[in-house]
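Encoded as structure tokens, the structure appears first; notes follow it.
Values reported hereafter were calculated over all heavy atoms of this structure, with side chains retained and with hydrogens, waters and symmetry mates removed. A note on names: the letters A, B, ... follow the listed sequences, proteins ahead of strands, and every chain is numbered from 1. In this text the structure is predicted, and so the values were computed from the model without any measurement.
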Amino acid sequence: MESLRRTKIAAALKSTDFGSKVCVKGWVRTKRGSKNVAFIALNDGSTIHNIQVVADRENIDDSILDRIHTGASLNVIGTLTESQGSGQNVELMAESIEVYGEANPDEYPLQPKKHSLEFLREKAHLRFRTNTFSAVFRIRHAMAYAIHKFFNDKGFYYMHSPIITGSDAEGAGEMFQVTTLDLNKLPKTKDGEVDYSKDFFGKMTNLTVSGQLEGELAALALGEIYTFGPTFRAENSNTSRHLAEFWMIEPEMAFYDIHDNMDLAEEMLKYLIQYALDNCRDDLEFLQNRLLEEEKSKPQNERSELSLIDKLEFVTKNEFVRLSYTEAIKVLEDSKPNKKGQFQYPVKWGIDLQSEHERFLVEKHYKKPVILTDYPKEIKAFYMKQNDDNKTVRAMDVLFPGIGEIIGGSQREESYEKLKIRIDEMGIAEEDMWWFLETRKFGTVPHSGYGLGFERLMLFVTGMGNIRDVIPFARTPKNAEF
RNA sequence: UCCUCCUUAGCUCAGUUGGUUAGAGCACCUGACUGUUAAUCAGGGGGUCCUUGGUUCAAGUCCAAGAGGGGGAGCCA
């Protein structure tokens, strides 16, 4: 077969250079045939759209066409032409086709039809080859890039916080232990405890549950930093919005108060969503149509009011509602569902807000993203700045429709004395936190930060319903396949 | 971890009150068709009814336990 530089399908479909000879390579989505001609829809991942390869049986031998099924990989050389059919503008009249690899249709699990997301989750090694997942993962790339671009353009520095941590005071959940000890022959101390001095690091270590504490150290010198890396939580969470391994973005900013923090969070979310609208249009349209199809089988009252793209545009164009926890409790107490006793969990100042409460505020009452601030100190982490009322802390949670908490953050406590007292009150070992406390001892400043769950952002942008479908290989309790 | 629902052909699903040889669409194979659009039409092959135990003359169907999965809740991002 002659050699010719490969053209990506995205570029070939945009070309108007009809009559030119091009080479495309990709994977077969469908093959349709009639007596004289076969049509092959070919996709190479460069776009959601396929190029239609037209194989005239006079030019392409039946022995080749017989080897081509859904999933096969091809190298096609042909002439770019204006399509005679109505489904596409451009097509490729094949002159020669090389089959790189066949896909035995008796064994290849993907077919040119709708598969359930649950089925594809078990075929995660092949699901990239579907329209839905190729769209999701192109958008995932775009969002990761946009995050770096947003922060870089604002003068933030990308800081790599450690994955393995010797601190067990991050306080964000159960941790995965990291060890090189032989679990069948654990070294013991005289007291019968595991002797961690024999472990790789000479102490007990875990995978990080948050890069925030290290991020603060960097922010208190570099000014504005962000982390973007994997995070691990060994919680036995079995929901559509939790993963044991997920990616988190954690900006930390010196000299930012809680209001600067909220402004940044809102600006960032709007920027990221606008970036998707501007750069992932084809993929968003595909996912939007997919959702519309899915909703046809739902009863009218369960269908969403806005389409995916309208929903994204709505968020970019409207101010987020900002109110304090105390105000939110009042709204909830005065709400219809509360008066009718429809909340499963009663509303009272001091409780942690339940999903049903957050959903009422975001989806029913305000119908907009909501930022809640100034929570009771008892239900929030030790590092949050205490308010003068001695009851609340300067926390902020950004709540999104359908997702719940997409961002959690706060202004940080900068007072050495207050922080030390809070650490004692919460029973955290002070000797583990000496380095964190020293930043308050030497040249402390007001500062703030937050954590954005990358996959939760992905859920919102793609409209997907399960967090396992917006990360390539989900890690959840009892599942670390692939 | 709790509540709830589900598991039947490669995939999506139907299967009545427990009753003889378990069905459909798609996919695959064969044939028809002069350019299709998840092509269409005709025919064909394809089953550990999740597993184990129980009730019964008889279990895909009823009961119990287990496994896997979905949805909701808690924990949170």
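- With both ends at atom P, the span from B:C63 to B:U4 equals 15 Å, rounded to whole Å.
- Base-pair partner of B:C76: not found among the strands shown (Watson-Crick or G-U wobble, both distances under 3.5 Å).
- Atom name C1', nucleotides B:G60 and B:G72: the rounded distance is 29 Å, in whole Å.
- One atom, CD of A:Glu356, and another, C1' of B:C3, lie 15 Å apart when rounded to the nearest Å.
- A:Glu107 comes within 4.0 angstrom of no nucleic acid atom, judged by non-hydrogen atoms across all strands.
- Within 3.5 Å, a donor on the side chain of A:Glu91 pairs with an acceptor on the base of B:G35, or the reverse.
- Between B:C76 and A:Ser237, no contact under 4.0 Å exists linking OP1 or OP2 to a side-chain N or O.
- Nucleotides of RNA chain B nearest to A:Val54 and A:Asn238 differ in position, and the one nearer the 5' end is that of A:Asn238.
- Annotation: B:G70 and B:G25 have their P atoms spaced 30 Å apart (nearest Å).
- When the P atom of B:A27 is taken as reference, atom NZ of A:Lys31 falls 13 Å away, rounded to whole Å.
- OP1 or OP2 of B:G70 has at least one side-chain nitrogen or oxygen of A:Arg121 nearer than 4.0 Å.
- Distance check on atom C1': B:G23 versus B:U61 gives 15 Å, rounded to whole Å.
- Note on A:His69: a side-chain N or O is less than 4.0 Å away from OP1 or OP2 of B:C29.
- Across all strands shown, A:Pro105 has heavy atoms under 4.0 Å from sugar-phosphate atoms exclusively, and none from any base.
- With hydrogens and angles left out, the side chain of A:Arg233 and the base of B:A77 share a donor-acceptor pair within 3.5 Å.
- No hydrogens or angles were tested; on distance alone, a donor-acceptor pair under 3.5 Å links the side chain of A:Gln111 to the base of B:G10.
- Aromatic ring centroids of A:Phe473 and A:His125 lie 6.0 Å or more apart.
- The local environment of OH in A:Tyr157 is sparse, with at most 12 non-hydrogen atoms from other residues, nucleotides or ligands closer than 6.0 Å.
- Looking at heavy-atom distances under 4.0 Å, A:Leu110 makes no contact with the nucleic acid at all.
- Contact annotation for A:Asn466: backbone-only contact, meaning every heavy-atom pair under 4.0 Å involves sugar-phosphate atoms and none involves a base.
- Note: CG (A:Asn104) to C1' (B:C28) measures 9 Å, nearest angstrom.
- In this entry B:A65 has B:U51 as its Watson-Crick or G-U wobble partner, both defining distances falling under 3.5 Å.
- Among the nucleotides B:C76, B:G70, B:U12, the one closest to any side-chain atom of A:Arg468 is B:G70.
- Rounding to whole angstrom units, CZ of residue A:Arg241 and P of B:G71 are separated by 11 Å.
- Considering every non-hydrogen atom in both A:Leu353 and A:Ile329, the closest pair reads CD2-CD1, 3.9 Å.
- Among the atoms of the strands shown, none is found under 4.0 Å from any heavy atom of A:Arg57.
- Across the strands present, B:C29 finds its partner in B:G43; the criterion is a Watson-Crick or G-U wobble pair with both atom distances under 3.5 angstrom.
- When the P atom of B:A73 is taken as reference, atom CD of A:Gln354 falls 10 Å away, rounded to whole Å.
- Residues A:Glu425 and A:Arg422 are paired through a salt bridge, judged by an N-O separation under 4.0 Å between the basic side chain and the carboxylate.
- Salt bridge annotation for A:Arg412-A:Asp257: absent, with no cationic side-chain nitrogen under 4.0 angstrom from a carboxylate oxygen.
- A:Met458 comes within contact range of no nucleotide atom at all, as no heavy-atom separation falls under 4.0 Å.
- Here A:Asn36 does not reach the OP1 or OP2 of B:U34: none of its side-chain N or O atoms lies under 4.0 Å away.
- Rounded to whole Å, the P atom of B:C41 lies 7 Å from the corresponding atom of B:C26.
- For the C1' atoms, the distance linking B:G10 with B:U21 amounts to 24 Å, nearest Å.
- Nearest-nucleotide assignment on RNA chain B puts the 5′-proximal partner with A:Gln52, out of A:Glu358 and A:Gln52.
- Looking only at distances, no side-chain donor or acceptor of A:Tyr108 sits under 3.5 Å from a matching main-chain atom of A:His69.
- When atom types are taken as modelled, the side chain of A:Glu356 and the backbone of A:Gln344 share a donor-acceptor pair closer than 3.5 angstrom.
- Remark: A:Thr239 is not in phosphate contact with B:G71, judged by side-chain N or O atoms under 4.0 Å from OP1 or OP2.
- Atom pair A:Lys478:NZ and B:G66:C1' shows a separation of 14 Å (rounding to whole Å applied).
- Considering only side-chain N and O atoms, A:Thr30 lies under 4.0 angstrom from the phosphate OP1 or OP2 of B:A39.
- Base engagement by A:Phe39 is indicated by at least one non-hydrogen atom pair under 4.0 Å involving a base atom.
- Within the nucleic acid shown, A:Glu405 comes within 4.0 Å of sugar-phosphate atoms alone, with no base atom in reach, counting heavy atoms only.
- B:U4 and B:G70 make up a base pair, with Watson-Crick or G-U wobble contacts both under 3.5 Å.
- Rounded to whole Å, the distance from CZ on A:Phe454 to C1' on B:C76 is 18 Å.
- No N or O donor and acceptor, one from the side chain of A:Glu118 and one from the base of B:U12, sit under 3.5 Å apart.
- Taking the charged nitrogens against the carboxylate oxygens, A:Glu455 and A:Arg468 have no contact shorter than 4.0 Å, which rules out a salt bridge.
- Within 4.0 Å of A:Gln88, counting heavy atoms only, lies at least one base atom of the nucleic acid.
- One can place CD of A:Glu481 at 13 Å from C1' of B:G68, the figure rounded to the nearest angstrom.
- Base pairing of B:U17 is not made with any nucleotide, judged by Watson-Crick or G-U wobble geometry with both donor-acceptor distances under 3.5 Å.
- Within the nucleic acid shown, A:Tyr345 comes within 4.0 Å of sugar-phosphate atoms alone, with no base atom in reach, counting heavy atoms only.
- Pairing of B:G60, defined by two Watson-Crick or G-U wobble distances under 3.5 Å, is not identified with any nucleotide.
- Counting any heavy atom pair closer than 4.0 Å across all strands shown, A:Ser355 reaches sugar-phosphate atoms only and no base atom.
- Using a 4.0 Å heavy-atom cutoff across all strands shown, A:Ile406 reaches sugar-phosphate atoms only and no base atom.
- Taking the C1' atoms as reference points, B:U48 lies 13 Å from B:U52, given to the whole Å.
- Spacing between B:C13 and B:C3 at atom C1', rounded to whole Å, works out to 27 Å.
- Here A:Ser240 reaches the OP1 or OP2 of B:G72: one of its side-chain N or O atoms lies under 4.0 Å away.
- No side-chain donor-acceptor contact under 3.5 Å links A:Asn261 and A:Arg394.
- Using a 4.0 Å cut-off between charged nitrogen and carboxylate oxygen, A:Asp282 and A:Arg138 do not count as a salt-bridge pair.
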